[in-house]
Amino acid sequence: MSTAMVVTTVITADADVEKVKTFTLEQIRDNDRGLLDNLLNQGVDACVITAILNVDEFLDYIRIRRRQGTAQAQEQAEATAEPSPTVVITDGMSESEFMEYTLQQLNKGERTPLVPLSEETLEAIEEEHIGQHFSCYPFLY
């Protein structure tokens with residue numbers, strides 16, 4: 001049986017928002033790593049994800065979830081404006097956390113696994129002779 005839990009902490013501060021976000025995210029990630037280690041030591045296969053939500057975004061989410069209970073409420077939820085998307089700050093993520101986040105986006109279809117290339121780049125790739133740069137400048141490698 002899979003279990004999902006949300007733990008909420010509300011922070012109110014008279015300070016620079018970005019500074020508070022950065023400090024909070026670092027603190028939460030440190031706690032999350034300890035929690036995950038403890039769960040794994042207990043034999044529990046778990047995944048811990050950290051997100052910082054604006055209070056308005058969180059309340060919009062709660063309102064929408066409540067409205068989805070009946071068919072009439074679902075129509076009203078579709079008519080109302082969608083809340084702004086949650087922004088995940090990836091700056092403080094470790095490499096493995098960032099990879100996990102990226103893989104989750106790919107699995108959910110939120111990102112496409114493609115790298116867009118311009119026409120000029122594609123033409124340059126087609127005209128490139130494989131190994132030519134190495135043959136001319138082997139001392140660079």
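Every heavy atom of this structure was used, including side-chain atoms; hydrogens, water molecules and symmetry mates were not.
- Here the closest heavy-atom approach between residue Leu36 and residue Ala46 is recorded as CD1-O, 3.3 Å.
- Using a 30° and 60° split on the angle between ring planes, Phe98 and Tyr101 fall in the tilted class, from 30° to 60°.
- Leu40 is connected to Leu35 through a chain of hydrophobic side-chain contacts under 4.5 Å among Ile, Leu, Val, Met, Phe, Trp and Tyr, so both are in one cluster.
- A 4.5 Å side-chain heavy-atom check between Lys108 and Gln105 finds every atom pair outside the cut-off.
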Residues 120-132, side-chain donor-acceptor partners within the protein, below 3.5 Å, at least two apart:
unit_1	atom_1	unit_2	atom_2	d
Thr121	OG1	Ser118	OG	2.9

* To do: Would you check, one step at a time, whether the test side-chain contact (heavy atoms from CB on, under 4.5 Å) holds for Leu25 with Arg29?
  => CA-CA 6 Å; Leu25 195 58; Arg29 283 210 176 106; 3.3 Å; yes
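- Checked for salt-bridge contact, Glu97 and Arg33 meet the test: a charged N lies under 4.0 Å from a carboxylate O.
- With values rounded to the nearest 0.5 angstrom, Lys19 atom NZ is found 11.5 Å from Thr24 atom OG1.
- Thr22 places a side-chain heavy atom less than 4.5 Å from the side chain of Glu26.
- Heavy-atom contacts from other residues, nucleotides or ligands closer than 6.0 Å to CD of Glu95 number 12 or fewer.
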